[in-house]
There are 2 protein chains.
Amino acid sequence: MSTIKGRRSDATKEAILAAARELFASDGYERATIRAIAASAGIDPAMVMRYFENKEKLFAAAAEFDLRIPDLAGTPLDQIGARIAGHVLDRWDGDETLMALLRAAVTHQAAADRMLEIFATQLGPAVLAIAPDDAATRAGLIATQVLGLALTRYVLRLPPVTAMDRDAVVAWIGPTLQNYLTGPRPGVD
Amino acid sequence: MSTIKGRRSDATKEAILAAARELFASDGYERATIRAIAASAGIDPAMVMRYFENKEKLFAAAAEFDLRIPDLAGTPLDQIGARIAGHVLDRWDGDETLMALLRAAVTHQAAADRMLEIFATQLGPAVLAIAPDDAATRAGLIATQVLGLALTRYVLRLPPVTAMDRDAVVAWIGPTLQNYLTGPRPGVD
DNA sequence: CTGACATGTCAACAAGTGTTGGCCTACACT
DNA sequence: AGTGTAGGCCAACACTTGTTGACATGTCAG
């Protein structure tokens with residue numbers, strides 16, 4: 001066995017993962033059946049079980065995800081909001097994994113936990129580096145707006161939201177994120 | 001038959017609806033089974049079919065909903081955002097129908113359509129009355145933030161978001177909604 | 001009491017689910 | 001050549017789903 005070249009099985013394993021991501025993204029956890037995923041990958045359902053023990057673990061493998069929050073060091077402090085807004089759009093358009101995660105998270109506890117973990121370990125620290133005070137709250141607020149945008153634009157496809165082009169979204173959402181990140185803590189008024 | 005007093009069946013019909021709302025809200029459309037709903041209502045699954053032809057129509061009946069957007073006429077123009085934020089929290093805490101709708105909308109097309117319709121017919125006109133220009137876009141942005149808040153606070157239960165008390169949520173989210181509603185259209189800058 | 005009708009229960013169906021074990025095929029190595 | 005093994009397919013399992021039709025019970029008018 002040549003461990004140098006990837007084994008042939010790696011190819012179909014990858015095909016299964018791709019099909020799984022696609023169906024989890026479009027149908028959610030329960031409606032994306034193993035049979036449908038296998039059919040979409042052009043193989044037998046039993047193969048899915050061979051490579052990934054069960055559906056739960058298949059999802060876990062398919063939902064592995066990195067937000068790839070950009071290094072914000074070089075960005076002027078007052079443009080970080082817009083930068084994040086643009087990044088969110090790019091990331092969401094280029095990878096269905098996030099959609100699979102969001103769709104599944106709403107009805108499946110394990111997926112919700114994974115989503116929480118991603119925001120806690122990836123968004124949290126990034127916010128902490130910029131706004132050390134109230135970092136958790138500020139990160140939560142950002143999640144609020146970012147996930148709400150994703151939900152209405154990519155899942156529900158609310159017409160006025162899908163109609164906005166990239167620049168408009170950044171121009172509107174950017175300042176909101178900027179405020180959540182670096183704005184004064186409200187309440188004193 | 002005395003049409004004056006409600007028939008006895010109306011009671012169980014209402015019990016079914018209540019159980020349906022509860023399970024649709026906590027489990028989503030596919031996981032909320034007719035059998036589980038019937039059991040929770042203390043009756044036979046066949047009764048559900050007798051009163052509501054099928055699962056689809058049961059959901060439609062259970063997801064009947066009114067946002068009850070308050071009359072904003074008496075509210076100072078610059079406090080409308082906070083008013084809406086508070087109203088959203090009240091409405092969400094007091095009625096599981098919204099949660100059922102949101103959870104189901106993510107995986108079920110009919111539910112998504114219903115959600116779109118609710119925002120189009122109830123939120124849209126209210127925004128139009130206040131901000132006639134760009135009303136659709138502004139309503140969409142509001143939906144973005146409101147649904148994002150609901151998603152992270154009530155469905156995903158993101159810790160920093162659930163940790164905020166009512167006043168804090170209103171203080172943070174209110175200005176965002178205010179800006180989406182009455183703020184200047186960005187882009188000139 | 002007798003019947004009619006609303007209200008409810010029971011058992012079963014057909015279809016679809018995740019999952020399993022046995023069997024086949026092709027290729028690498030000696 | 002033969003043989004071991006990884007990759008793949010098939011048929012079946014136990015179970016759950018929405019849905020249906022036949023049958024039982026209650027309630028009230030005559």
Side-chain angles (χ1 to χ4, degrees), chain A residues 1-24 26-63 100 103-104 107-111, chain B residues 1-24 26-63 100 103-104 107-111:
Chain A
M1 57 141 151
S2 62
T3 49
I4 302 175
K5 270 288 180 180
R7 295 201 224 85
R8 183 177 341 226
S9 68
D10 291 348
T12 65
K13 195 168 178 177
E14 209 50 50
I16 293 174
L17 276 179
R21 269 190 277 265
E22 185 177 326
L23 287 187
F24 280 134
S26 65
D27 296 352
Y29 186 85
E30 10 275 338
R31 291 172 101 97
T33 74
I34 298 237
R35 283 172 162 87
I37 291 171
S40 165
I43 47 110
D44 191 272
M47 284 278 86
V48 179
M49 309 305 293
R50 190 187 284 280
Y51 289 121
F52 311 86
E53 206 162 337
N54 53 38
K55 190 179 182 180
E56 199 78 29
K57 294 190 180 178
L58 168 63
F59 177 80
R103 269 226 164 83
T107 51
H108 203 68
Q109 190 55 47
Chain B
M1 56 142 156
S2 64
T3 49
I4 303 175
K5 272 286 180 180
R7 295 199 225 84
R8 191 190 356 204
S9 67
D10 291 349
T12 66
K13 195 169 177 178
E14 209 50 51
I16 293 174
L17 276 180
R21 269 189 278 264
E22 185 177 327
L23 287 186
F24 280 134
S26 65
D27 296 352
Y29 186 86
E30 8 277 339
R31 291 171 101 99
T33 74
I34 298 237
R35 282 171 162 88
I37 292 171
S40 164
I43 47 107
D44 192 273
M47 283 279 85
V48 179
M49 309 305 292
R50 189 187 284 280
Y51 289 123
F52 310 87
E53 206 161 338
N54 53 38
K55 190 179 182 180
E56 198 78 30
K57 294 189 181 177
L58 168 63
F59 177 80
R103 269 223 163 85
T107 50
H108 204 70
Q109 189 56 46

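Naming convention: chains lettered A, B, ... in sequence-line order (proteins, then strands); numbering from 1 in each chain.
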With sequence neighbours excluded, what pairs up with B/E14 under the salt bridge (charged side-chain N to carboxylate O under 4.0 Å, His left out) test? B/R21
Nearest-Å distance, CG (A/D10) to P (D/dG8)? 11 Å
Could you tell me how far apart A/Y51 (OH) and D/dC9 (C1') are, to the nearest whole angstrom? 13 Å
Rounding to an integer number of Å, can you tell me how far A/R50 CZ sits from C/dT20 P? 12 Å
Side-chain donor-acceptor pair present, A/Y29, A/Q109, cut-off under 3.5 Å: no
Would you tell me if any nitrogen or oxygen in the side chain of A/T33 comes within less than 4.0 Å of OP1 or OP2 on C/dG16? no
Are B/K57 and B/Y51 in a cation-pi contact, defined as NZ or CZ under 6.0 Å from the six-membered ring centre and within 45° of the axis? no
Would you kindly give the NZ-to-C1' distance between B/K57 and D/dG18, to the nearest whole Å? 15 Å
Starting at NZ of A/K13 and ending at P of D/dG8, how long is that distance when rounded to a whole Å? 12 Å
What integer distance in Å separates B/K55:NZ from D/dT20:P? 15 Å
Near DNA chain C, counting only heavy atoms under 4.0 Å, which residues of residues 15-24 of chain A show up? none
Going by side chain to side chain contact (heavy atoms under 4.5 Å, CB included), name the residues that satisfy it together with B/S26, two or more places apart in sequence or in a different chain. B/L23
Hey, does A/F52 reach any base, or is it just sugar-phosphate, or nothing, if we go heavy atoms under 4.0 Å? nothing
What salt bridge (charged side-chain N to carboxylate O under 4.0 Å, His left out) pairs are there with at least one residue in residues 28-38 of chain A, not counting sequence neighbours? A/E30-B/R31, A/R31-B/E30
Measure CD1/A/I34 against P/C/dG18 and give the value in whole Å, please. 5 Å
List the residues meeting side chain to side chain contact (heavy atoms under 4.5 Å, CB included) with B/A111, not counting sequence neighbours, and say none if there are none. B/F59, B/A104, B/A105, B/H108
Nearest atoms (heavy-atom pairs only) where A/V48 meets A/A38: CG2-CB, 4.0 Å
Are any of B/T12's side-chain N or O atoms less than 4.0 Å away from OP1 or OP2 of C/dG8? yes
Between B/A110 and B/E56, the two heavy atoms sitting closest are CB-OE2, 3.3 Å
Side chains of A/D27 and A/T33: does their closest heavy-atom pair fall under 4.5 Å? no
Taking atom P of D/dG18 as reference, at what distance in whole Å does atom NE2 of B/H108 sit? 12 Å
Residues of residues 42-49 of chain B with a heavy atom under 4.0 Å from any atom of DNA chain D, listed by number, are B/A46, B/M49
May I ask you to verify whether the side chain of A/R35 and the base of C/dG16 hold a donor-acceptor pair under 3.5 Å? no
